[in-house]
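Below: one structure, written as structure tokens.
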Amino acid sequence: MSNKNIRVRFAPSPTGPLHIGGVRTALYNYLFAKKMGGTFILRIEDTDQGRYVPGAENYIVESLKWCGLLPEEGPGIGGGHGPYRQSERKAIYGKYAHKLVENGKAYYAFDTPEELNAKREEERAKGNHNFRYDNVTRNEMKNSLTLPAAETAQKLAAGEAFTIRLKVPVGGAVSFQDLVRGEVTFQTDDLDDKVLLKADGMPTYHMANIVDDHLMEISHVIRGEEWLSSTGHHVLLYQALGWEGTMPQFAHLPLILKPTGKGKLSKRDGAKLGIPVFPIAWEAEKEEDRFLGFREFGFLPEAVINFLAFLGWNPGTEQEIFSLEELCGAFSIEKISKGGARFDYDKAKWYNQQYIQATDAAELAKIVRPLMEEKGYSVSDDFLVDYCELMRDRVVLLPEFVSAGSYFFEGVKIYDDKNIAKRWKPELKPVFEALIDLLEKTDSFEAVTLERGIKDFIAERELKMGQVFPLLRIALAGTMKGPAVFKMIELLGKTETVGRLKTAIEYFEKN
RNA sequence: GGCCCGUUCGUCUAGGGGUUAGGACGCUGCCCUUUCACGGCGGAAACACGGGUUCAAUUCCCGUACGGGCUACCA
């Protein structure tokens, strides 16, 4: 069921790695598009050449890919509304900006950044701490409203640098219905005359976003709450361009807040708290500019998506685990919450654990294999699958598959001396030697058989389980933590098990 | 400062004029298990405050407080 009228876009700016709040915005756009049978579009907002960071666009694309949020239109993908990079649409914005000037909805402004700063300083000195270029102050600035027409024409002809500013009406009000917040109203007298076209000929976000959303036939603008304040200007712009009738609907998302303290989540919070705030790693020259992502921390993308979906949205049922597909079915803008949501890393880890537990061992083995190789462990496929089966319920982040069971791959490197001291008695030596004997004579190395055999062995000698099992475990793993002993023996196999027992007895004796 | 937005357990949230205010994470007790986990059953823990409206407000309205966002020729 496709609905050609529903078109949403994710429009990030390639100024660095996309943080997790951006991923959530992308997710909500994606979910809404899928839910409605509409189209999910990626648009790159690279109108600020000063802040352009090479590699950032690729990072955005790779991040979306890792998350499984594939755009149907976008740079490198195509679609009937391209180009999808704003830098490639420069001429379009210029045309509309000049049209607005012709229609008296905007004007040329010749004030240089230096002059504007000087003006701000001057006002500050007078005690006015918030100078605004608005429908009052524009009358004392250098623009086509205050200058004689001839002078304006002369400046333009001379190629003097100019910007085009929106001529905000005096004494009016703008309102719109926000899909998550209801009616929002601004007095035009509170709004400044936003720059639409910069001196370098590039549009500002405000201009580009309206022109593109209109031309790309965007039906719903779903974006972060940081845009709510400028939406008044955007509505004014739609009106000025005569596009009010097809203006998209707005939905402003609550912000993702820092895990601790105040404010919205920022790049630096990751490094500061040792948690990921980016989907995937970001490479950079300088060490302090490099970041690891959720992927590198060992998260499954499905878990990240599920976690993110619930940061500011809730289906209203008690189900917590949702696949991307299920989210597409359950999503609705009405259920987006209004208040900011604090980033809860513990919850993210819990989701990851849930997804690891729900993934079958063969699949986990595939995911874990590269981590094993990185560590230098060579493991057979069968062994790795069985191993994943044993460890699945004991792992929260993927790298723990490597660390938590390292003894399986490199033997016992460290013994738990404290427990050995507490439990080892010299008279246990013959018992363990007899156990080795028993194992060597056992043909079936299956956990159930082993369990029966070893339990009988202990009973025959009138020993307690507690005298044997903990030491047996330490002999094989070095630690008290780990899967059921019989399962371990089964996985290790006869030769390895017997070998480890022999070394361990020696070690226990010395201890 | 101005404008805009928000406020239910520590956190994410459900709910909604009359409820024992529900779930999840985290914390915690017990059970399972002679390990560690997983799992199961419990527990502590919330309607920011003040006024209205109403027979009745956590829920509706208004204030206040607090929090957040914006306030660039950045997005």
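Below, chain A is the first sequence line, B the second, and so on; all start at residue 1.
Within 4.0 Å of A/Thr47, counting heavy atoms only, lie sugar-phosphate atoms of the nucleic acid but no base atom. Within 4.0 Å of A/Thr231, counting heavy atoms only, lies no atom of the nucleic acid at all. Residue A/Pro470 is classed as having no contact, given no heavy-atom separation below 4.0 Å to the nucleic acid. A/Phe307 comes within 4.0 angstrom of no nucleic acid atom, judged by non-hydrogen atoms across all strands. Note on A/Ser229: a base of the nucleic acid sits closer than 4.0 angstrom, heavy atoms only. Backbone-only engagement by A/Gly339 is indicated by non-hydrogen atom pairs under 4.0 Å involving sugar-phosphate atoms exclusively. As judged by a 4.0 angstrom heavy-atom cut-off over every strand, A/Gly263 is placed among residues touching the sugar-phosphate backbone only. In this structure, A/Pro483 reaches the bases: a heavy-atom distance under 4.0 Å links it to at least one base atom across the strands shown. Within the nucleic acid shown, A/Thr112 comes within 4.0 Å of at least one base atom, counting heavy atoms only.
Side-chain N/O atoms of A/Lys335 include one lying less than 4.0 angstrom from OP1 or OP2 on B/G15. Phosphate proximity of B/C73 to A/Arg165: present, with a side-chain N or O under 4.0 Å from OP1 or OP2. OP1 or OP2 of B/G67 lies within a sub-4.0 Å distance of a side-chain N or O belonging to A/Lys262.
Here A/Phe250 and A/Trp227 keep their ring centres 6.0 angstrom or further from each other. Ring centroids of A/Phe299 and A/Phe307 are separated by 6.0 Å or more, keeping the two rings apart.
For A/Asp346, the side-chain atoms get nearest to B/G26 when compared with the rest of B/G22, B/G26, B/A24. The side chain of A/Met480 lies closest to B/U35, out of B/G23, B/U13, B/U35. Residue A/Leu116 places its side chain closer to B/C73 than to any other of B/U35, B/U13, B/C73. Distances were taken from every side-chain heavy atom of A/Asp48 (C-beta onward) to each of B/C12, B/A75, B/C73; the shortest belongs to B/A75. Residue A/Lys264 places its side chain closer to B/G69 than to any other of B/C36, B/C5, B/G69. Closest approach to the A/Glu225 side chain among B/C73, B/U11, B/G68 is made by B/G68 (side chain taken as heavy atoms from C-beta onward). In the set B/G68, B/G6, B/G23, the nucleotide with an atom closest to the side chain of A/Glu318 is B/G23.
Counting only heavy atoms from C-beta outward, the side chains of A/Arg223 and A/Asn209 approach each other to under 4.5 Å.
Separation of the C1' atoms belonging to B/G16 and B/C60 is 11 Å when rounded to the nearest angstrom. Across B/G18 and B/C31, the matching P atoms stand 41 Å from one another, rounded to whole Å.
The pair A/Arg85-A/Asp46 fails the salt-bridge criterion, with no side-chain N (NZ, NE, NH1 or NH2) lying under 4.0 Å from an Asp/Glu carboxylate O. With salt bridges taken as basic N to acidic carboxylate O contacts below 4.0 Å, one links A/Glu496 and A/Arg500.
A donor and an acceptor atom sit less than 3.5 Å apart, one in the side chain of A/Lys347 and one in the base of B/A24. Below the 3.5 angstrom threshold, one finds no donor paired with an acceptor across the side chain of A/Arg181 and the base of B/C5. For A/Arg132 and B/U71, a side-chain-to-base donor-acceptor distance below 3.5 Å is absent, hydrogens and geometry of angles not being considered.
The partner of B/G63 is B/C49, judged by Watson-Crick or G-U wobble contacts that both fall below 3.5 Å. Nucleotide B/G17: unpaired (no Watson-Crick or G-U wobble partner with both distances less than 3.5 Å). Across all strands shown, the partner of B/G1 is B/U71, judged by Watson-Crick or G-U wobble contacts whose two distances both fall under 3.5 Å. The pairing partner recorded for B/C27 is B/G43, the criterion being a Watson-Crick or G-U wobble arrangement whose two distances lie under 3.5 angstrom. Both distances falling under 3.5 Å, in either a Watson-Crick or a G-U wobble arrangement, occur for no nucleotide opposite B/C32. Under the Watson-Crick or G-U wobble criterion, with both distances below 3.5 Å, B/U58 has no partner in any strand shown.
Remark: A/Lys258 NZ is packed, more than 12 non-hydrogen atoms of other residues, nucleotides or ligands lying under 6.0 Å away. Taking a 6.0 Å sphere around NZ of A/Lys487, one finds it holds 12 or fewer heavy atoms contributed by other residues, nucleotides or ligands.
Annotation: the span from A/Thr204 atom OG1 to A/Lys198 atom NZ amounts to 7.0 Å, rounded to 0.5 Å.
Atom CH2 in A/Trp227 sits about 12 Å away from atom P in B/C74, given to the nearest Å.
Minimum heavy-atom separation, A/Ala330 to A/Phe322: CB-CE2, 3.8 Å.
Annotation: proximity of residues 187-208 of chain A to RNA chain B (heavy atom, distance under 4.0 Å) is found for A/Asp190, A/Val195, A/Lys198, A/Ala199, A/Pro203, A/Thr204, A/Tyr205, numbered in ascending order.
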Checklist line | Sugar-phosphate or base contact per nucleotide [nucleotides 38-48 of chain B; S, B, -; heavy atom under 4.0 Å] | finding: SS---------

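Between the side chain of A/Tyr238 and the backbone N or O of A/His233 there is no donor-acceptor pair closer than 3.5 Å.
Legend: residues meeting side chain to side chain contact (heavy atoms under 4.5 Å, CB included) with A/Val485, ordered by chain and number and at least two apart, are A/Phe469, A/Leu472, A/Arg473.
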